[in-house]
Amino acid sequence: AMLSVLHGSRAIFFFSWSYIEKTEESRADIGRVIGRLNHIYPWLREEASLPKPEVTMLSTYRYDARGKAAVQCGRRNRNGKQLLLCVNTTSTHVETLVQPGDATNNNTTDAWQALFTGTTIHEETGQLHLFFDPYETMALTRKP
């Protein structure tokens with residue numbers, strides 16, 4: 001779901017199998033995905049017209065099964081506020097540097113807020129040093 005948003009989708013339709021509702025863990029997982037999509041919903045109505053951020057993979061596992069970077073990122077702009085969405089497409093932990101672009105000044109440290117956790121991540125010299133769990137998605141907005 002998050003990869004489709006990252007690559008420009010403005011809507012997502014879900015269907016499910018009956019076994020998803022059989023365990024508490026399955027219900028919690030689908031609930032978390034839906035909750036996160038609702039959190040970024042305001043950006044879904046906007047065109048994904050911003051250039052994709054530069055991604056430099058630092059970990060040993062740098063590519064997915066198709067040979068693309070393990071972490072894929074995209075940006076959207078809404079009312080002057082930028083959303084940076086990054087997805088680890090692999091089943092392993094990875095480390096990356098992401099250059100989100102449109103930095104206010106590459107000589108300063110900008111702060112970003114992770115929408116799903118509330119964590120603050122500092123951009124240094126125009127890059128974010130990010131660590132991802134398997135299949136983790138991060139949605140970040142630049143703090144004022």
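- Checking side-chain atoms of Asp64 against main-chain N and O of Arg66 turns up a donor-acceptor pair under 3.5 Å.
- Counting all heavy atoms, side chain and backbone alike, Gln72 lies closest to Leu3 at OE1-CD2, 3.8 Å.
- Around OH of Tyr63, the count of heavy atoms belonging to other residues, nucleotides or ligands within 6.0 Å does not exceed 12.
- Between Cys73 and Pro53, the shortest heavy-atom contact is O-CD, 3.7 Å.
- Between the CD atom of Gln99 and the OG1 atom of Thr125 there is a distance of 8.5 Å, given to the nearest 0.5 Å.
- Residues Glu95 and His129 have side chains that bring a donor and an acceptor to within less than 3.5 angstrom of each other.
- Met57 and Ala69 make their closest contact through CG-CB, 4.4 Å (heavy atoms, listed as atom of the first residue, atom of the second, distance).
- At distances below 3.5 Å, not a single donor-acceptor pair connects side-chain atoms of Thr89 with backbone N or O atoms of Val71.
- Contact record, Thr23 with Ser26: OG1-OG, 2.8 Å, taken as the closest heavy-atom pair.
- For the residue pair Thr117 and Thr119, a side-chain donor N or O sits within less than 3.5 Å of a side-chain acceptor on the partner.
- Between the side chain of Thr90 and the backbone N or O of Ala70 there is no donor-acceptor pair closer than 3.5 Å.
- Taking OG1 from Thr96 and CG from Leu128, the interatomic distance works out to 9.5 Å, rounded to the nearest 0.5 Å.
- Closest approach of Gly126 and Pro100 over heavy atoms only: O-CD, 3.5 Å.
- A distance of 10.0 Å separates CG in Leu130 from CH2 in Trp112, rounded to the nearest 0.5 Å.
- Judged by distance alone, the side chains of Asp133 and His93 do bring a donor and an acceptor atom under 3.5 Å apart.
- Under the 4.5 Å side-chain heavy-atom criterion for grouping Ile, Leu, Val, Met, Phe, Trp and Tyr, Val33 is not connected to Leu140 through any hydrophobic cluster.
- Shown here is Lys143, whose NZ atom has more than 12 heavy atoms of other residues, nucleotides or ligands within 6.0 Å.
- Taking Glu25 as the reference, nothing meets the side chain to side chain donor-acceptor pair (under 3.5 Å) condition, with sequence neighbours excluded.
- Between the OG1 atom in Thr120 and the CD atom in Gln113 there is a gap of 6.0 Å [rounded to 0.5 Å].
- In this structure, Ser59 contributes its side chain and Tyr61 its backbone to a donor-acceptor pair below 3.5 Å.
- Contact detail for Met138 and Phe116: the closest heavy-atom pair is C-CE1, 4.5 Å.
- With hydrogens and angles disregarded, no donor-acceptor distance shorter than 3.5 Å links the side chain of Arg75 to the backbone of Gln82.
- Legend: residues meeting side chain to side chain donor-acceptor pair (under 3.5 Å) with Lys68, ordered by chain and number and at least two apart, are absent.
- Residues Ile40 and Val87 fall within the same hydrophobic cluster, defined by Ile, Leu, Val, Met, Phe, Trp and Tyr side chains chained together at heavy-atom separations under 4.5 Å.
- The only member of Leu58, Asn88, Thr60 that meets side-chain contact (heavy atoms from CB on, under 4.5 Å) when paired with Val94 is Asn88.
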